[in-house]
Participant: 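Take a look at the following structure, please.
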Amino acid sequence: DTVYEIKNILTHDVLFKAFGQVTLYAAALDLPKRVIVGRRSTSAALGPMEAVIRSLGVEINVYPEPVAATAATVAATA
């Protein structure tokens, strides 16, 4: 009953894409719960976007340790 989208590092761009993915998959599969999982980036402020996504009913589970986002690690998570 849940759609999970798991990302390595939650940057602004990755979080935006993950929201779209869980929303489309949940609608297509008729699953009510949507969850995004990943580690917070040390270089990205996600506050406003994270708040909006949560207000739209998507749960965001963040691993405890933040990770420095580099071009290579962001490309690997997209």
Participant: Test of understanding: clusters of I, L, V, M, F, W, Y form through side-chain heavy atoms closer than 4.5 Å, transitively. Do Leu56 and Leu24 belong to the same one?
Facilitator: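 Each belongs to a different hydrophobic cluster.
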Participant: Just how far is it from atom CD1 of Ile6 to atom CZ of Arg39, taken to the nearest 0.5 Å?
Facilitator: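 Output value for this atom pair is 12.5 Å.
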Participant: Sort and list the pairs that fulfil salt bridge (Lys or Arg N to Asp or Glu O under 4.0 Å) and have at least one residue in residues 46-62, not counting sequence neighbours.
Facilitator: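 As it turns out, the salt bridge (Lys or Arg N to Asp or Glu O under 4.0 Å) pairs with a partner in residues 46-62, which skip direct neighbours, are Lys33-Glu59, Arg40-Glu50, Glu50-Arg54.
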Participant: Between atom CG of Leu29 and atom OG1 of Thr2, what is the distance when rounded to the nearest 0.5 Å?
Facilitator: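 If I round to the nearest 0.5 Å, the distance is 11.5 Å.
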Participant: For a quick test of reading the model, state the closest non-hydrogen atom pair linking Tyr25 to Val3 and the distance between them.
Facilitator: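 Between these two residues, the closest heavy atoms are CB-CG1, 3.8 Å.
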Participant: Residues two or more places apart in sequence or in another chain: which of them pass side chain to side chain donor-acceptor pair (under 3.5 Å) with Asp1?
Facilitator: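 Side chain to side chain donor-acceptor pair (under 3.5 Å) list for Asp1, sorted by chain: empty.
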Participant: Do Ile36 and Val58 have side-chain heavy atoms sitting under 4.5 Å apart?
Facilitator: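 Touching, per the 4.5 Å side-chain cut-off.
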Participant: Side-chain contact, heavy-atom cut-off 4.5 Å: Val35 with Asn61?
Facilitator: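 SC-SC contact between Val35 and Asn61 confirmed.
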Participant: Salt bridge (Lys or Arg N to Asp or Glu O under 4.0 Å): which pairs involve residues 22-31, sequence neighbours left out?
Facilitator: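 Residue pairs passing salt bridge (Lys or Arg N to Asp or Glu O under 4.0 Å), neighbours aside: none found.
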Participant: Side-chain contact test, heavy atoms from C-beta onward, threshold under 4.5 Å: evaluate it for Tyr63 versus Val37 and give yes or no.
Facilitator: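 Side chain of Tyr63 against side chain of Val37, heavy atoms only: contact under 4.5 Å found.
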Participant: To the nearest 0.5 Å, what is the distance between CG on Leu10 and NZ on Lys17?
Facilitator: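 Going from the CG atom of Leu10 to the NZ atom of Lys17 covers 13.0 Å.
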Participant: Distance check, rounded to the nearest 0.5 Å: Arg34 atom CZ versus Glu5 atom CD?
Facilitator: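 Separation between the atoms: 12.5 Å.
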